[in-house]
Number of protein chains: 2
Amino acid sequence: MSTATASRILSGARAGSPETAARVRTAARDLGYTGNSIARALRRRTTGNVGMVVPSIGNPFFTSLVEEVEHHLAGMGLNLFLCDARNDPELEAERLTSLTRGNVDGILISPVDSERSRAALEATAATVPVVQLDRFVRGSDGDRVILDDDHAIRLVVEHLADVGATTAAFVTSTAGSSSAHLRLAGVQRWGLQYGVSIAPDHVLDGEFTLLWGARAADRLLATGPLPDAVICSDDLLAVGMVMRLAQQGVHAPTDVLVSGFDDIDLASLTVPSITTLRQPRERMAAEAVRLLAARTADPSRAGSTVSLQGVLVARASTARRHDAAPAGPS
Amino acid sequence: MSTATASRILSGARAGSPETAARVRTAARDLGYTGNSIARALRRRTTGNVGMVVPSIGNPFFTSLVEEVEHHLAGMGLNLFLCDARNDPELEAERLTSLTRGNVDGILISPVDSERSRAALEATAATVPVVQLDRFVRGSDGDRVILDDDHAIRLVVEHLADVGATTAAFVTSTAGSSSAHLRLAGVQRWGLQYGVSIAPDHVLDGEFTLLWGARAADRLLATGPLPDAVICSDDLLAVGMVMRLAQQGVHAPTDVLVSGFDDIDLASLTVPSITTLRQPRERMAAEAVRLLAARTADPSRAGSTVSLQGVLVARASTARRHDAAPAGPS
DNA sequence: TTGAGCCGTGCAATCGATTGCCGATGTCCC
DNA sequence: GGGACATCGGCAATCGATTGCACGGCTCAA
């Protein structure tokens with residue numbers, strides 16, 4: 001029997017006679033034969049692997065997004081290869097080229113920087129299907145799944161105004177991610193709208209890490225009276241902020257209101273639990289995988305943008321100020 | 001000019017004449033040529049990729065271990081492909097086979113379960129170099145890099161005894177990971193030695209997550225008087241425990257001492273900051289990569305085990321109970 | 001009986017890069 | 001000048017699976 005016959009039967013390309021098929025299958029099982037995916041990939045020009053590049057696997061938001069994505073891909077028989085860009089566009093570019101050189105059929109990426117990630121991203125997109133997820137580069141025309149940051153921030157600011165804030169600080173990341181840009185713009189726009197003013201020196205930008213949240217707390221404490229609220233553009237920042245303030249004897253929500261963003265697990269478990277904006281991670285992942293499949297099927301289709309809305313989750317860290325009864329964890 | 005010549009010059013296999021080399025290089029640059037790693041892999045039987053399988057990318061300990069590993073691999077020109085086993089031996093086995101089928105030159109793994117991970121792990125190790133990292137399966141004879149859990153737990157128990165604990169609870173994971181086994185054994189052994197007793201119903205096993213830490217807190221609060229100390233075999237557990245206790249008005253270290261394990265970033269930022277055992281992640285990663293390289297170079301070499309020691313980091317969650325000011329003039 | 005059509009099977013080309021081997025050319029020294 | 005030796009470049013085989021094409025055998029209808 002020729003290898004051609006065996007190949008066809010194992011891959012299901014042609015049924016073959018029942019008898020031959022049975023022979024092939026038992027032989028394959030007995031020998032423990034499982035193709036050679038490299039040879040297969042060379043011939044088929046398809047690997048069954050999808051790459052995902054995230055800015056930082058140290059951020060629980062991205063790891064949980066990865067988990068969702070992986071779940072959806074597994075349902076389609078695809079493997080996920082995860083790469084960490086460590087918030088560095090150059091490292092990100094390296095990851096992209098190494099993924100591109102024949103290892104993956106498609107790429108999901110949350111680009112580190114809305115400007116500095118563009119070149120590598122566009123070069124990659126010219127070679128292999130790419131879908132941007134959560135973050136995106138400015139002015140690219142590919143497929144993307146994003147959060148409606150403007151709407152999200154509106155919810156946050158509205159909520160803070162509701163509970164009595166009229167001044168706020170904004171803690172975010174310096175790195176030029178689309179999230180950072182849009183959230184800053186949103187805070188300024190809706191702050192004006194809802195009467196929550198943000199002094200220029202109360203915009204504190206660093207990184208999306210616990211540590212920067214804590215440092216920002218130190219900085220706020222060092223530079224005069226606290227604002228009514230501290231809006232953090234990421235839950236890690238909010239946790240770092242709340243914890244560090246507490247270490248210095250300043251407590252949310254009695255002394256200052258603090259809000260986060262993303263709704264990572266930790267946000268509901270800290271004391272106080274943290275008000276945040278929940279991103280619809282599951283839907284984001286599902287849409288991203290769907291877009292990737294669509295583009296793989298038809299590489300020439302026009303790029304599309306899916307914009308999803310978040311949900312405000314009010315917790316203890318922004319409980320109404322003169323309202324003694326603490327809100328429990330939601 | 002033949003492809004053979006170009007191939008040799010680009011791969012550095014032979015220098016070629018200066019003139020030819022220059023021609024090849026400029027042509028390659030102008031055309032943007034970058035091999036086809038699949039074809040190369042087929043011929044060379046080497047991909048330049050290393051796989052890493054961790055029990056959960058939701059656990060910061062593992063993500064930071066991954067970051068270290070990736071750093072070391074990058075230094076050797078290798079890519080890391082990360083897989084999440086989601087604490088499920090079956091999913092882990094699937095990941096292993098998909099990595100094995102020709103995608104990677106070697107695998108680093110922290111096996112989910114010391115028993116149920118064995119079959120897949122051994123099958124994999126028969127095909128491709130494998131190094132176990134942090135966790136390991138019982139009775140396998142491959143290479144591994146582990147923490148000296150017995151010594152580590154001794155440091156923790158000794159410290160708790162020092163600050164006055166005579167009774168303790170132990171919060172850990174049910175899943176049969178080697179870490180869970182060894183730490184439980186350690187707590188029992190050294191508890192006896194140092195006079196810290198652990199009631200059978202004060203061993204609480206669930207998962208290595210924040211949520212289980214919080215649930216375990218509820219359970220402790222529900223079942224009678226608290227022990228002097230709560231030893232957690234993972235920092236996420238300790239954070240969940242401390243936070244949940246605080247939500248219920250029980251504060252460490254005044255009401256109960258709490259210790260964690262791993263020393264993730266979060267442990268130093270919570271209020272109270274958490275006493276923990278720092279694992280030497282950087283060295284673990286370095287040793288694992290080194291072992292993998294050694295085994296790749298010589299697949300027949302005998303397996304070796306590298307055991308590293310941790311360091312106790314004493315913080316606020318176990319501050320001495322009736323001793324506000326450390327030794328000094330009274 | 002014959003031609004058309006279908007099915008199962010095998011041959012051989014193909015994917016793209018690497019590499020063993022060989023002939024050609026050049027260099028050096030006796 | 002001639003032989004030993006090193007260097008350079010190209011042919012063609014190779015990695016392992018997939019697949020276009022063709023061939024033999026079969027059924028079925030005219």
Side-chain angles (χ1 to χ4, degrees), chain A residues 1-49 77-79 97-106 124 126-129 296-297 299, chain B residues 1-49 77-79 97-106 124 126-129 296-297 299:
Chain A
M1 152 156 359
S2 77
T3 61
T5 304
S7 168
R8 274 191 275 257
I9 287 175
L10 290 176
S11 75
R14 255 194 254 178
S17 76
E19 183 210 355
T20 321
R23 265 206 306 151
V24 168
R25 263 183 254 280
T26 61
R29 189 155 20 77
D30 294 350
L31 274 61
Y33 173 86
T34 58
N36 171 319
S37 65
I38 295 192
R40 188 188 343 267
L42 179 60
R43 178 64 224 224
R44 281 213 179 145
R45 313 183 139 288
T46 278
T47 60
N49 300 330
L78 297 171
N79 299 102
T97 55
S98 86
L99 284 174
T100 309
R101 287 190 203 172
N103 283 313
V104 297
D105 299 340
T124 303
T127 309
V128 60
T296 303
Chain B
M1 151 158 359
S2 78
T3 61
T5 304
S7 169
R8 274 191 277 254
I9 287 175
L10 289 176
S11 76
R14 255 197 254 175
S17 75
E19 184 210 356
T20 320
R23 267 207 304 154
V24 168
R25 263 183 254 281
T26 63
R29 188 155 23 77
D30 295 350
L31 274 62
Y33 174 85
T34 57
N36 171 319
S37 66
I38 296 192
R40 187 186 348 265
L42 178 60
R43 178 63 224 231
R44 282 215 179 142
R45 314 183 138 286
T46 279
T47 60
N49 301 329
L78 297 170
N79 298 103
T97 55
S98 85
L99 285 175
T100 309
R101 287 191 203 170
N103 283 312
V104 297
D105 299 339
T124 302
T127 309
V128 61
T296 302

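Lettering of chains follows the sequences in order, A, B, ..., and the numbering in each one begins at 1.
Taking CG from A:Asn49 and CG from A:Asp105, the interatomic distance works out to 6.5 Å, rounded to the nearest 0.5 Å. Separating the CZ atom in B:Arg40 from the CD1 atom in A:Ile38 is a distance of 11.5 Å, to the nearest 0.5 Å.
Atom CG in A:Leu42 sits about 14 Å away from atom P in C:dT14, given to the nearest Å. Between the P atom of D:dC8 and the CD atom of B:Glu19 lies a distance of 12 Å, rounded to the nearest Å. Rounded to whole angstrom, the span from the CE atom of B:Met1 across to the P atom of C:dA24 amounts to 20 Å.
The stretch residues 20-28 of chain A does not touch DNA chain D, since none of its heavy atoms comes less than 4.0 Å from the strand.
At a threshold of 4.5 Å between non-hydrogen side-chain atoms, the residues B:Thr5 and B:Thr20 count as touching. Taking 4.5 Å as the limit, every side-chain heavy atom of A:Asn79 sits out of range of all side-chain heavy atoms of B:Asn103. Considering only heavy atoms from C-beta on, B:Val24 comes within 4.5 Å of B:Leu10 through its side chain.
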What do the steps show when you test B:Ser11 against B:Arg44 for side-chain contact (heavy atoms from CB on, under 4.5 Å), and what is the final call? CA-CA 12 Å; B:Ser11 76; B:Arg44 282 215 179 142; 3.6 Å; yes
Could you walk me through whether B:Leu99 and B:Val128 satisfy the side-chain contact (heavy atoms from CB on, under 4.5 Å) test, starting with their C-alpha distance in whole Å, then the side-chain angles of each, then the deciding distance to 0.1 Å, before giving a yes or no? CA-CA 10 Å; B:Leu99 285 175; B:Val128 61; over 6 Å; no
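Between B:Thr100 and B:Thr97, the side chains place no donor N or O within less than 3.5 Å of an acceptor N or O (distance only, hydrogens not considered).
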Close N or O pairs between protein and nucleotides 17-19 of chain C (under 3.5 Å):
residue : atom : partner : partner atom : Å
C:dA17  : OP1  : B:Tyr33 : OH           : 2.7
C:dA17  : OP1  : B:Asn36 : N            : 3.4
C:dA17  : O5'  : B:Tyr33 : OH           : 3.2
C:dT18  : OP1  : B:Arg40 : NH1          : 2.6
C:dT18  : OP2  : B:Ser7  : OG           : 2.7
C:dT18  : O2   : B:Arg43 : NH1          : 2.8

